[in-house]
Amino acid sequence: MTLPETPGPSPDETLATAAAAGIHALAVPTPFAVGRVNCYLIEDEPLTLIDTGPNSGKSLDELERALATHERTIEELELIVLTHQHMDHLGLLEILARRSGAEVAALAILAPYLAEFRENVIADDDYAQAIMRRHGIPADLTTVLGAVGVAFRAFGSRGDVTRPLRDGDGLTLRDRTLRVLHRPGHSPSDTIFWDDRRRILIAGDHLLAHISSNPLISRPLDGDQRAPRPHALITYIDSMLATRELPAELVLTGHGDPITDHVALIDERLRLHRRRAQKILRMLDGGPLTAYEIALRMWGNVAVTQAYLTLSEVLGHLDLLARAGLVRVFEVDDVVHFEATPLAPAQG
Ligand SMILES: [Zn+2]
């Protein structure tokens with residue numbers, strides 16, 4: 001006999017819990033496939049906004065209207081806090097900071113990136129192009145994807161960080177202290193904000209309820225081009241294991257509904273990554289493959305339309321397998337191929 005699952009609190013109930021703590025979710029539209037981004041207004045001193053939404057008139061309008069439902073205006077904001085470097089989270093930064101005069105808090109390593117945002121996004125796109133070519137994505141496809149990247153750049157924004165944050169810092173407001181925790185993986189600058197007293201975690205895209213947060217391979221923030229390719233999934237798994245230890249009762253995320261059982265969610269994500277790694281290892285039974293060939297077998301046309309995302313995912317799993325000694329790499333004409341090692345168990 002199976003017992004019916006005890007229903008957890010509904011998203012409305014969890015958002016009511018957050019509102020009681022003075023934290024209001026403001027869902028702002030984005031032009032990206034992920035849909036709306038959640039910004040959070042914290043009624044405290046200073047009056048705080050976590051993330052801004054992308055740089056578009058529509059997002060600005062909706063953000064203003066959402067603030068108005070809490071009888072607030074952009075001009076009243078006193079502190080803007082960023083969870084990470086992606087455009088859907090910071091595109092309105094320059095406009096909001098100018099109109100409000102708010103301080104801007106973000107991870108210190110993000111400050112130079114934001115100061116020259118456009119140049120850095122261009123360098124990120126070039127870096128992604130090189131990774132794609134190196135892993136077997138045809139040149140005509142990388143060219144198309146590059147053009148899409150250029151079209152999206154306008155949704156970002158530069159900005160000046162006036163309160164640089166470091167891992168472990170306390171961001172103290174009148175009614176609460178938010179512990180600043182660096183949790184790279186989805187991006188190099190992922191930062192989460194932990195209210196130990198209320199057991200509320202503001203997590204940006206570090207954890208999302210409805211989709212597995214993508215460990216995108218990103219250019220290192222220190223810009224060292226000679227550094228080896230980042231192992232984003234390995235980094236991300238380490239970050240998730242650290243977050244798993246927090247006794248959070250409510251996790252407020254950058255997209256979609258809040259999370260009330262982050263331990264179960266993280267365990268599910270870890271299982272998913274193990275399964276995918278095993279599936280990729282089985283594919284290599286038939287002989288060496290490039291990461292792009294693996295992505296095509298895993299996801300078909302999605303590996304074309306979402307080439308960088310799926311490539312990042314596959315490379316992450318290959319990194320896990322390589323660390324376990326189960327795959328190794330070799331190059332043919334500057335394109336990386338992966339093959340199973342004799343250590344890999346023969347798959348039936
Ligand atoms: Zn996002």
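We count ligands from 1, going down the list as the structure has it; atoms in each ligand are counted the same way.
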Exercise. Check whether more than 12 heavy atoms from other residues, nucleotides or ligands sit under 6.0 Å from atom CZ of Arg297, and answer yes or no.
Key: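 Count not over threshold, so no.
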
Quiz item: Closer than 2.8 Å to the Zn ion (ligand 1), do we get an N, O or S atom from His255, backbone or side chain?
Solution: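 Within the cut-off used here (under 2.8 Å), His255 does place an N, O or S atom near the Zn ion (ligand 1).
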
Quiz item: Has His89 got an N/O/S atom less than 2.8 Å from the Zn ion (ligand 1)?
Solution: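 So His89 does bind the Zn ion (ligand 1) by this criterion.
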
Quiz prompt | Atom name in Asp205, limited to N/O/S, at shortest distance from the Zn ion (ligand 1) | solution =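 This turns out to be OD2.
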
Quiz prompt | Nearest to the Zn ion (ligand 1) - the N/O/S atom of Asp88, by atom name | solution =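 The Zn ion (ligand 1) is closest to the Asp88 atom OD2, counting only N, O or S.
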
Practice problem: Answer yes or no: is there an ion pair linking Glu339 with Arg328, defined by an N-O contact shorter than 4.0 Å? | Solution: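 The answer is yes: the pair qualifies as a salt bridge.
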
Self-check item: Parallel, tilted or perpendicular: rings of His84 and His89 (30°, 60°)
Solution: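 Judged by the thresholds at 30° and 60°, the geometry between His89 and His84 is tilted.
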
Exercise. Using modelled atom types only, decide if a donor and an acceptor are shared between the side chain of Ser218 and the backbone of Leu216 within a distance under 3.5 Å.
Key: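 Side chain of Ser218 to backbone of Leu216, a donor-acceptor pair under 3.5 Å: yes, one is there.
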
